[in-house]
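The block underneath contains the structure these notes are about, expressed in structure tokens.
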Amino acid sequence: QVQLVESGGGLVQAGGSLSVSCAASGRTFSDYAMGWFRQAPGKERAFVAAITGSGVRTLYAESVKGRFTISRDNAKNTVYLQMNSLTAEDTAVYFCAADRATPGAVTAMITAYDYWGRGTQVTVSS
């Protein structure tokens with residue numbers, strides 16, 4: 001079992017920046033592709049970004065491309081999401097997820113992810 005714990009959420013003004021982190025347990029962190037998803041009240045959970053186990057390849061939702069950056073530090077068993085130029089529409093609970101998928105692969109499909117964190121709240125004020 002993989003345990004995932006998000007942190008770094010909070011309140012930020014529109015146009016500002018925030019970075020959230022996800023710490024993972026286990027000794028095979030680099031075997032997992034990692035993803036970030038978000039969910040606002042009354043909305044379905046939506047894909048944000050993903051990264052391969054090696055960190056070489058990334059995938060972004062169109063709504064965040066150019067504003068958000070996903071990265072990982074396998075030595076720290078941690079994946080990050082740097083969020084810039086935030087708007088009120090970015091307000092949501094942000095979840096990280098782990099996918100022990102085909103090596104080198106990333107996906108936006110929720111069903112592909114095997115383990116999930118409990119989420120961290122990000123609120124963007126307008």
Side-chain angles (χ1 to χ4, degrees):
Q1 297 292 322
V2 176
Q3 307 294 321
L4 304 173
V5 181
E6 302 93 337
S7 62
L11 178 65
V12 63
Q13 292 185 332
S17 298
L18 192 68
S19 181
V20 291
S21 302
C22 176
S25 67
R27 302 177 181 177
T28 57
F29 179 67
S30 63
D31 291 340
Y32 291 83
M34 298 295 297
W36 284 100
F37 295 77
R38 64 187 182 185
Q39 187 168 24
K43 297 183 179 180
E44 296 182 351
R45 190 169 299 187
F47 172 75
V48 176
I51 188 168
T52 56
S54 67
V56 171
R57 189 174 301 174
T58 58
L59 182 68
Y60 294 95
E62 190 66 27
S63 60
V64 307
K65 187 176 182 180
R67 299 190 297 123
F68 291 10
T69 302
I70 188 171
S71 62
R72 66 192 296 160
D73 186 340
N74 288 344
K76 297 181 178 179
N77 278 23
T78 302
V79 62
Y80 307 92
L81 184 69
Q82 176 67 46
M83 301 179 286
N84 300 324
S85 301
L86 287 163
T87 73
E89 293 185 353
D90 296 313
T91 295
V93 176
Y94 283 71
F95 300 88
C96 69
D99 171 25
R100 192 167 186 174
T102 303
V106 288
T107 181
M109 297 184 65
I110 293 175
T111 55
Y113 290 84
D114 304 300
Y115 304 99
W116 293 83
R118 296 179 65 184
T120 185
Q121 177 71 48
V122 173
T123 302
V124 183
S125 63
S126 60

Are side-chain heavy atoms of [X] and [Y] found at a separation under 4.5 Å?
X: W116; Y: I110; result: yes
X: L86; Y: F68; result: yes
X: R38; Y: V64; result: yes
X: T91; Y: V122; result: no

task = Could you identify which residues cluster with V5, counting Ile, Leu, Val, Met, Phe, Trp and Tyr as linked when any side-chain heavy atoms lie under 4.5 Å apart, either directly or through a chain of such contacts?
result = none
Looking at every heavy atom in both [X] and [Y], which two are closest together, and how far apart are they?
X: M34; Y: L4; answer: CE-CD2, 4.0 Å
X: Q121; Y: A92; answer: NE2-O, 3.4 Å
X: N74; Y: S30; answer: ND2-CB, 3.4 Å
X: F47; Y: T107; answer: CE1-O, 3.8 Å
X: F37; Y: Y113; answer: CZ-CE1, 3.5 Å
X: Y94; Y: V48; answer: CE2-CG2, 4.4 Å

Quiz: residues 14-26 side-chain donor-acceptor pairs under 3.5 angstrom, not counting sequence neighbours:
unit_1, atom_1, unit_2, atom_2, d
S17, OG, N84, OD1, 2.8
S25, OG, Q3, N, 2.8

task = For E89, look at atom CD and say whether over 12 heavy atoms of other residues, nucleotides or ligands are found less than 6.0 Å away.
result = no
For [Y], does its backbone N or O pair with a side-chain atom of [X] as donor and acceptor, under 3.5 Å?
X: R72; Y: A33; result: no
X: S85; Y: R67; result: no
X: D114; Y: R100; result: yes
X: E6; Y: R118; result: yes
X: Y32; Y: A97; result: no

What's the spacing between [X] [atom1] and [Y] [atom2] if we round to 0.5 Å?
X: D99; Y: I51; atom1: CG; atom2: CD1; answer: 13.5 Å
X: T120; Y: W36; atom1: OG1; atom2: CH2; answer: 7.5 Å
X: T28; Y: N77; atom1: OG1; atom2: CG; answer: 8.5 Å

With S71 via side-chain contact (heavy atoms from CB on, under 4.5 Å) - residues at least two apart = Y80
ask   = Can you check side-chain contact (heavy atoms from CB on, under 4.5 Å) on I70 and V79, steps first, answer last?
value = CA-CA 7 Å; I70 188 171; V79 62; 3.9 Å; yes
